[in-house]
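Worksheet: one structure, shown below.
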Amino acid sequence: MKPLKKLSSTLIAIGSILLIATYFLPIWRIDLWAPQYPEGLSMQIWLYKLSGQVDIINGLNHYIGMAHIKEEMFPEFKILPFIVAFLVAFGLFTAFSKSRKVLIAFAITLVLSGIIALVDYYKWGYEYGHNLSDDAAIKVPGMTYQPPLIGYKELLNFGAYSIPASGGWIFVLLAVITFAVLFFEIKTNK
Amino acid sequence: MKNKKLLGFAAIASLFLIINACKPAGKGGSGGSTIAGDAAEKVYVAPGTHDELYDFVSGGFNGQMSVVGLPSGRVLRIIPIFSQHAESGWGYSEETKPMLNTSHGFVPWDDAHHTTLSVTNGEHDGRWVFINGNNTPRIARINLQTFRTDEIIELPNSGGNHSSPFVTFNTEYAVAGTRFSVPPDNFGDVSINSFKQNFKGYISFVSIDKETGRMALKFQLTTPAISYDLARAGKGPSKDWIFFSSYNTEQANTLLEVNASQKDKDFILAINWKKAEEYLAQGKGKKTPAKYAHNVYSEVTHSGTSTIMNEVMTLDPKDCPDMLYFIPCPKSPHGCDVDPTGQYIIGSGKLAAVIPVFSFDKLQKAIAAKNFDGEFEGIPVMNYDAVLHGEVKKPGLGPLHTEFDGKGNAYTSMFVSSEIVKWNIEKLEVLDRVPTYYSVGHLSIPGGPTTKPYGKYVIAYNKITKDRYLPTGPELTQSAQLYDISGEKMKLLLDFPTIGEPHYAEAIPASLIESKSVKIFKIEENKHPYVAKGEKETKVERKGKEVHVYMTSSRSHFAPDNIEGVRLGDEVYFHVTNLEQDWDVPHGFAIRGANNAELLIMPGETQTLKWTADRIGITPFYCTDFCSALHQEMQGYMRVSPANSNIPLSWHVGKTAMNQADEKTK
């Protein structure tokens with residue numbers, strides 16, 4: 001196989017470097033609306049922390065017996081910065097190696113990381129949405145409060161959006177670049 | 001015969017008609033033809049949309065200020081200032097009690113007359129609103145970010161702080177003239193009829209810090225003993241000056257109704273306050289003993305502190321030539337208003353048949369030419385004609401106050417003839433008049449006292465209400481009217497009821513304030529000595545007979561909500577911190593038998609209620625502000641044991657989501 005074209009490796013390098021921005025940007029966001037919150041409530045998930053109106057959301061969640069959301073409860077926040085550092089390094093290595101095989105490995109790694117992240121996020125959502133305290137003030141038979149994995153869902157008086165935040169879109173962008181480059185290489189660089 | 005009978009009947013009937021019709025057209029009753037056809041549309045603020053103006057309305061004898069939205073006339077809020085306000089605990093909570101301290105001790109009431117918005121370059125800057133306490137002379141500063149009273153300063157050597165708290169061109173000073181001349185505070189025992197020898201009319205200059213708004217009594221002028229009624233600062237060319245109207249230049253001390261209405265002309269006092277500053281810098285001031293309170297509220301400790309001051313700098317006009325001038329003004333002038341250009345000073349002699357307009361340029365020329373008509377207690381009295389721009393003839397009866405639209409017109413309130421009269425300042429011609437319902441006192445054009453009037457509305461604050469609303473027994477609301485002044489003719493748009501007895505009010509475009517409005521206090525910035533910044537920090541401590549409860553409130557419980565070990569006769573201080581950091585989630589706190597009031601605690605704030613354990617048994621407490629779906633469950637118990645009991649202090653709250661999360665992450 002021929003080495004990657006200059007354009008390809010440059011794009012991969014740029015995409016990987018862009019990923020550094022995710023240290024300074026939120027990855028995911030959950031936005032909530034209710035009649036009493038016309039201005040909305042929002043929580044952002046970063047690589048290493050939570051931000052937004054977490055305390056207010058906690059205050060409201062306790063009525064339905066949902067566990068308190070606290071940063072210290074998520075070991076992910078200690079690991080994620082290293083995983084992203086690894087991805088950046090892997091991306092740069094891919095660019096410099098100019099090897100299509102490495103590129104394929106990088107693409108698979110990206111997809112796997114994405115799937116693992118979503119599965120992990122789903123598990124936490126499931127855990128919070130289902131593991132409700134027995135002495136909750138408000139109990140609606142059959143009702144669970146798992147936020148949507150992606151998209152919109154109604155939870156009692158709240159409407160909840162779960163969508164990638166700016167940092168999340170950088171991941172998406174990197175994945176798009178990687179697969180576009182791979183496709184381009186396969187098509188043109190025989 | 002039959003015809004005669006008919007004729008007689010007709011005669012009686014027409015007599016009835018005459019009797020019933022003898023009320024002249026347009027008198028009494030509704031607004032009649034003066035109501036604008038599209039009035040409803042002009043004052044309608046659709047649900048979910050906001051008023052275009054905030055109106056800060058003095059509350060008069062309620063000692064408060066109300067915030068009214070215009071053009072709707074809806075009351076948005078009552079700001080407690082000089083009066084205790086049981087609703088929020090103002091003046092009852094341990095933190096706010098010092099704000100009502102004076103040299104006379106705790107004074108929980110006052111008569112608040114004039115609101116004054118801060119200005120920069122003579123234009124509203126949306127930072128603070130000031131208001132006077134008339135009875136126990138004080139000036140308060142209200143923060144327009146929190147709509148709360150930040151500071152109150154007392155004024156010594158004064159009685160009846162009426163001509164106050166009008167501010168200078170860049171809010172360098174808020175002034176305070178005494179309505180009752182009195183002997184200086186430390187003068188001792190004198191007879192009342194020694195007025196002319198022993199009484200003085202002090203005028204106070206309270207400086208305002210440019211950045212913080214912090215007030216200080218910079219100096220007092222020991223001016224002649226007359227009644228200083230109202231004041232306005234100059235603008236533009238006259239910005240170094242301030243003008244006070246006065247009455248009782250007769251210097252009567254009894255039956256002023258008659259005795260103070262004898263002279264044809266009283267005075268407008270023109271003060272060059274820049275000159276006063278120069279004299280102070282030259283060391284002409286004299287420090288004299290005077291006792292007054294200076295009270296400041298901190299948004300960080302959420303507490304007020306009161307400091308008693310012991311001296312004041314005074315300036316004697318005798319040592320300071322070219323600083324004060326008296327302008328003769330017909331018949332006991334009340335209002336004394338300066339037009340937006342700073343060129344014209346309008347005196348409203350409440351018993352006069354004309355409205356005199358004085359020219360600042362002419363005043364300067366006459367001063368330079370020493371065109372005086374003698375002097376009054378050593379202060380030059382200007383020649384009336386030399387400083388007069390002209391008189392408005394037959395303006396109406398009982399002129400009180402004048403405001404401006406910025407288009408060269410003045411609007412004067414007429415108490416006796418119950419109307420607002422619009423006239424041209426330059427030409428001194430009456431242009432229009434509309435009735436008010438009834439007997440207008442102050443009137444207000446948004447931005448009217450500034451260099452840039454808003455010019456869209458004039459509001460009449462009336463002294464008599466009678467039939468304007470559904471009757472409510474002998475005590476009625478005070479009525480106000482809103483008029484459209486955007487056209488040539490004034491048009492009545494709206495009647496609205498008010499809170500207390502409004503005197504002056506100032507309105508400001510909402511856009512200058514709205515975006516700066518504070519929503520919560522940040523809990524991490526709370527430096528209250530008894531704050532609990534989380535349920536982990538709650539506790540109960542005993543200091544002799546005092547018990548201090550460090551309590552938190554959040555939706556929907558107190559922590560702790562079970563307290564035992566308190567003994568009969570203990571003084572219990574509930575220091576309640578509202579842990580919420582969410583807009584519009586205050587919590588209340590009330591306990592049975594409290595001799596003060598309740599607390600309303602805003603998000604992130606700490607407030608303290610003192611309660612005496614006056615009987616053995618269980619006393620409930622609860623949240624008074626409907627905070628959440630489980631507000632009704634937000635309640636707790638205090639156990640009071642006999643004085644000799646040895647039950648230890650204990651406190652408790654059930655497992656909350658907050659303390660469980662704390663446990664898990666320990």
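Here is the naming used below: chain letters follow the sequence lines, and residue numbers restart at 1 for every chain.
- Under a cut-off of 6.0 angstrom, the local environment of NE2 in His50(B) is sparse, with at most 12 non-hydrogen atoms contributed by other residues, nucleotides or ligands.
- Heavy-atom distances place no part of Ile69(A) under 4.5 Å from chain B, backbone and side chain included.
- No more than 12 heavy atoms of other residues, nucleotides or ligands sit less than 6.0 Å from atom OH of Tyr161(A).
- Taking a 6.0 Å sphere around CD of Glu524(B), one finds it holds more than 12 heavy atoms contributed by other residues, nucleotides or ligands.
- Residues of residues 618-639 of chain B lying under 4.5 angstrom from chain A, judged on non-hydrogen atoms, are Ser628(B), Leu630(B) by number.
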Can you give me every donor-acceptor pair (side chain of residues 78-98 of chain A, partner residue at least two apart or in another chain, under 3.5 Å) with its distance?
residue	atom	partner	partner atom	Å
Thr94(A)	OG1	Phe90(A)	O	2.6
Ser97(A)	OG	Phe93(A)	O	3.3
Ser97(A)	OG	Thr94(A)	O	3.0
Ser97(A)	OG	Ser99(A)	N	3.2

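- Residue Tyr122(A) places its OH atom among 12 or fewer non-hydrogen atoms of other residues, nucleotides or ligands, all under 6.0 Å distant.
- The structure places OG of Ser554(B) at 10.5 Å from CG of Asp55(A), a figure rounded to the nearest 0.5 Å.
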Distance-only donor-acceptor pairs under 3.5 Å for side chains of residues 36-46 of chain A, two or more places apart:
residue	atom	partner	partner atom	Å
Gln36(A)	OE1	Asn157(A)	ND2	3.4
Tyr37(A)	OH	Arg555(B)	NH1	3.1
Tyr37(A)	OH	Asp582(B)	OD2	2.2
Ser42(A)	OG	Arg29(A)	NH2	3.3
Ser42(A)	OG	Asp31(A)	OD1	2.7
Ser42(A)	OG	Gln44(A)	NE2	2.8
Gln44(A)	OE1	Ser51(A)	OG	3.0
Trp46(A)	NE1	Ser51(A)	OG	2.8

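- In this view, Ser72(B) and Asp51(B), Arg74(B) satisfy the side chain to side chain donor-acceptor pair (under 3.5 Å) rule, not counting sequence neighbours.
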